[in-house]
Structures are given as C-alpha cells and as structure tokens.
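Below is one structure, written out as structure tokens; the observations come after it.
Atoms considered below: every heavy atom in the structure, side chains included; atoms not considered: hydrogens, waters and symmetry mates.
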Amino acid sequence: MAQSQGPAQRLFGAGKRLLGSLLATGETRLRLAVLELEEERARLVTLLMLAGISLLLLLLGLGTLTALVIVAFWDSHRLTAIGVSAGVLLFGGLGLAGWVLHLARRRTLLVDTLKHLALDRELLETHRDAQD
C-alpha cells in the first residue's frame with residue numbers, strides 16, 4: 001500500500017529539487033567561466049609573443065631608418081636630422097602608448113559568463129514575479 005506524502009515531505013522534496021537545479025546551473029556557469037579563462041589565457045600568450053616579436057622588428061627597423069636619415073644629412077643638416085628623427089620616434093611612441101592604454105582598459109574577461117549570470121537573475125526575477 002502506497003502512503004501519500006505529507007506537506008513536510010513534499011516541501012523537503014521540492015527543496016532537494018531546487019537545490020539540485022541550483023547546483024546544476026552553478027556547475028554550468030562555473031564550467032563556462034573556466035572555459036573563458038582558458039581562452040583568455042591562450043589569447044594573452046599569443047598576443048604577448050606577437051607583440052614581443054613585432055616590437056623587436058620595429059626597433060631594428062626604426063634604428064636602421066634613423067641611421068639612414070642621419071647619414072644622408074650628415075654634411076648639411078645633421079642636428080636637424082637627429083632632432084626630427086627623435087621627435088617623430090617620440091611622438092609615435094607616445095601615440096602608441098596611449099592606444100595601448102585605451103585597449104588595456106576594455107573589459108574582455110568573463111564577459112559571456114557575466115552576461116549569462118545576469119540573464120539567469122532576470123529569468124528568476126521574472127519567474128518570481130509571475131508566481132506572485
């Protein structure tokens with residue numbers, strides 16, 4: 001003979017189901033966060049390697065170009081050539097530094113995870129408002 005569940009048992013069962021759902025959702029969001037962190041790490045390593053190589057090549061190229069300009073104007077305007085070359089390099093360096101700071105301030109870490117958590121919160125609030 002099957003016994004019917006009392007109110008306390010039904011409440012306990014509903015609590016267990018709710019806790020199971022919350023744990024499953026939390027696990028999914030945690031897996032998404034870990035995946036995003038791994039992708040961001042791989043992207044950062046690639047960017048750092050490419051930036052290092054490009055900076056080295058740019059440094060060598062600018063040094064050679066500066067030497068060429070100074071040698072070309074050595075007899076007539078050597079100080080002007082040195083000053084203009086230095087000014088162009090400093091202006092370019094400051095411009096690139098400003099651009100790098102602008103790019104560094106952009107938020108890219110865990111953007112999708114935060115978006116999904118906000119969506120989960122909105123769905124829970126909508127569901128709660130619908131029950132009231």
Side-chain angles (χ1 to χ4, degrees):
M1 194 182 250
Q3 294 181 350
S4 64
Q5 293 183 343
Q9 290 176 334
R10 285 193 306 254
L11 181 63
F12 184 68
K16 281 176 54 176
R17 286 191 302 276
L18 177 64
L19 184 60
S21 295
L22 288 174
L23 287 175
T25 302
E27 180 185 8
T28 301
R29 297 303 179 234
L30 183 60
R31 287 180 188 267
L32 178 62
V34 168
L35 180 65
E36 281 190 73
L37 287 173
E38 289 174 354
E39 287 177 358
E40 192 67 25
R41 182 190 59 164
R43 187 181 76 84
L44 184 61
V45 167
T46 302
L47 281 174
L48 287 175
M49 288 176 48
L50 290 174
I53 292 169
S54 67
L55 284 174
L56 178 65
L57 292 175
L58 283 171
L59 179 66
L60 291 171
L62 284 174
T64 305
L65 181 64
T66 303
L68 175 70
V69 168
I70 292 170
V71 168
F73 291 102
W74 188 258
D75 290 333
S76 58
H77 304 290
R78 78 183 85 153
L79 292 178
T80 304
I82 292 171
V84 169
S85 296
V88 167
L89 292 174
L90 287 173
F91 181 72
L94 289 174
L96 287 175
W99 185 43
V100 166
L101 288 174
H102 172 72
L103 290 176
R105 289 187 180 125
R106 287 187 3 203
R107 292 183 59 172
T108 59
L109 188 62
L110 299 176
V111 171
D112 288 334
T113 299
L114 293 173
K115 185 170 41 172
H116 283 284
L117 287 173
L119 180 63
D120 289 346
R121 185 181 65 239
E122 182 181 319
L123 288 173
L124 282 173
E125 288 173 358
T126 304
H127 182 67
R128 186 187 64 212
D129 291 341
Q131 285 182 345
D132 289 340

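Between atom CG of residue Leu37 and atom CG of residue Leu44 there is a gap of 11.5 Å, rounded to the nearest 0.5 Å. Atom CG in Leu79 sits 8.5 Å away from atom CH2 in Trp74 (nearest 0.5 Å).
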What pairs of donor and acceptor atoms, side-chain ones from residues 83-101 against any protein atom, are under 3.5 angstrom apart with sequence neighbours left out?
residue, atom, partner, partner atom, Å
Ser85, OG, Ala81, O, 2.8

Side-chain atoms of residues 52-71: list all donor-acceptor pairs with protein atoms under 3.5 Å, sequence neighbours left out, distances to 0.1 Å.
residue, atom, partner, partner atom, Å
Ser54, OG, Leu50, O, 3.1
Ser54, OG, Ala51, O, 3.0
Thr64, OG1, Leu60, O, 2.9
Thr66, OG1, Leu62, O, 2.7

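Ion pairing of Glu40 with Arg43 is present here, as a side-chain N (NZ or NE/NH1/NH2) and a carboxylate O approach within less than 4.0 Å.
Pairs engaging residues 10-33 under the side chain to side chain donor-acceptor pair (under 3.5 Å) rule: Glu27-Arg31, Arg29-Asp120 [sequence neighbours left out].
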